[in-house]
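Structure, as structure tokens:
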2 protein chains.
Amino acid sequence: MPDFLFNNKLYYNPVEFAMDRIGGTWKMPILWRLKDRIMRYGELKKDIPHITHKMLTSQLRELEEEGFIVRKVYPVVPPKVEYSITERGLAAIPIIETIRNYGLQLMEDFGVGYKK
Amino acid sequence: MPDFLFNNKLYYNPVEFAMDRIGGTWKMPILWRLKDRIMRYGELKKDIPHITHKMLTSQLRELEEEGFIVRKVYPVVPPKVEYSITERGLAAIPIIETIRNYGLQLMEDFGVGYKK
DNA sequence: CTGGATCCTATCAGATACTG
DNA sequence: CAGTATCTGATAGGATCCAG
């Protein structure tokens with residue numbers, strides 16, 4: 001598997017490419033919540049624990065630019081913006097589920113307990 | 001899904017936990033190469049393009065500490081060290097394969113070509 | 001041959017303040 | 001309500017040098 005370029009960045013393998021699109025701390029949690037419904041910015045913010053305003057905004061921008069979600073702005077006051085998932089975004093859902101199940105299995109293997 | 005602690009680090013979900021174990025640029029490439037054979041340090045170094053001495057060493061240490069690989073030292077001069085995969089490491093292989101296939105699919109979807 | 005330590009840089013991500 | 005800008009600390013990763 002040779003190296004390849006995408007957006008002027010050098011990748012060494014397909015795993016790295018995939019993780020650059022949907023990896024990081026927040027992209028999967030966002031896609032997961034949009035998988036079966038449209039949500040407004042504020043809803044996402046309330047629904048995803050710990051995420052900061054800045055991170056939510058920037059991650060939504062990147063997911064939109066790369067075609068995983070769609071942003072729809074209603075020209076009203078106060079502003080209303082809705083986010084929905086695309087075909088490309090939906091294709092990522094089974095992968096997220098797979099990784100999530102593996103994570104649960106690993107947690108059990110490591111004997112990880114929940115914080116009270 | 002509540003938060004939980006592992007090694008004094010706070011995790012928000014199982015995906016994050018999994019990616020902290022086998023994510024990053026180098027851990028999957030290393031596990032992948034050990035999946036069906038024992039390899040020496042120098043072999044891994046030669047076989048994984050772009051990896052630096054420091055990163056190979058540190059990633060091997062972490063994978064060993066968390067039980068994904070085993071390190072066997074032969075007390076000879078010059079030193080000989082062999083790395084092999086464990087049951088826990090083998091359990092990660094299908095996940096890596098899944099992500100890899102998804103990455104290939106995404107690359108096609110994005111029309112990514114190879115660097116000559 | 002294998003490994004450790006040091007220094008340096010780029011990027012990531014949190015906090016905060018400001019805007020229409 | 002949603003978004004932008006700036007500052008700053010934390011972390012990942014590369015280059016290089018020394019050691020048994």
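Quick caveat: nothing in here was measured; it's all calculated off a predicted structure. Order of the sequence lines fixes the chain letters, A, B, ..., with proteins taken first and strands second; residue numbering starts at 1 for each chain.
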To the nearest Å, give me how far apart [atom1] ([X]) and [atom2] ([N]) are.
| X | N | atom1 | atom2 | answer |
| --- | --- | --- | --- | --- |
| B/D20 | C/dC12 | CG | C1' | 14 Å |
| B/W26 | D/dG14 | CH2 | C1' | 11 Å |
| B/M19 | C/dC12 | CE | P | 18 Å |
| A/Y12 | D/dG13 | OH | P | 10 Å |

Distance to the ring centre below 6.0 angstrom and angle to the axis at most 45 degrees; does that hold for A/R88 and B/F110?
yes

Check whether B/Y102 forms a cation-pi arrangement with B/R100 (NZ or CZ under 6.0 Å from the six-membered ring centre, at most 45° off the ring normal).
no

Sub-3.5 Å donor-acceptor pair from the side chain of [X] to the main-chain atoms of [Y], do we have one?
| X | Y | result |
| --- | --- | --- |
| B/E43 | B/R40 | yes |
| B/T86 | B/F68 | yes |
| B/R37 | B/R33 | no |

Is the distance from OP1 or OP2 of [N] to the nearest side-chain N or O of [X] less than 4.0 Å?
| X | N | value |
| --- | --- | --- |
| B/R71 | C/dG3 | yes |
| B/Y83 | C/dG3 | yes |
| B/T25 | D/dG13 | yes |

Ordered by number, residues from residues 38-67 of chain A within less than 4.0 Å of DNA chain C (heavy atoms) are A/T52, A/K54, A/M55

Assert: residue with more 5' nearest nucleotide on DNA chain D, out of A/V81 and B/G24, is A/V81

Are side-chain N/O atoms of A/Y11 and A/D3 paired as donor and acceptor at under 3.5 Å?
no

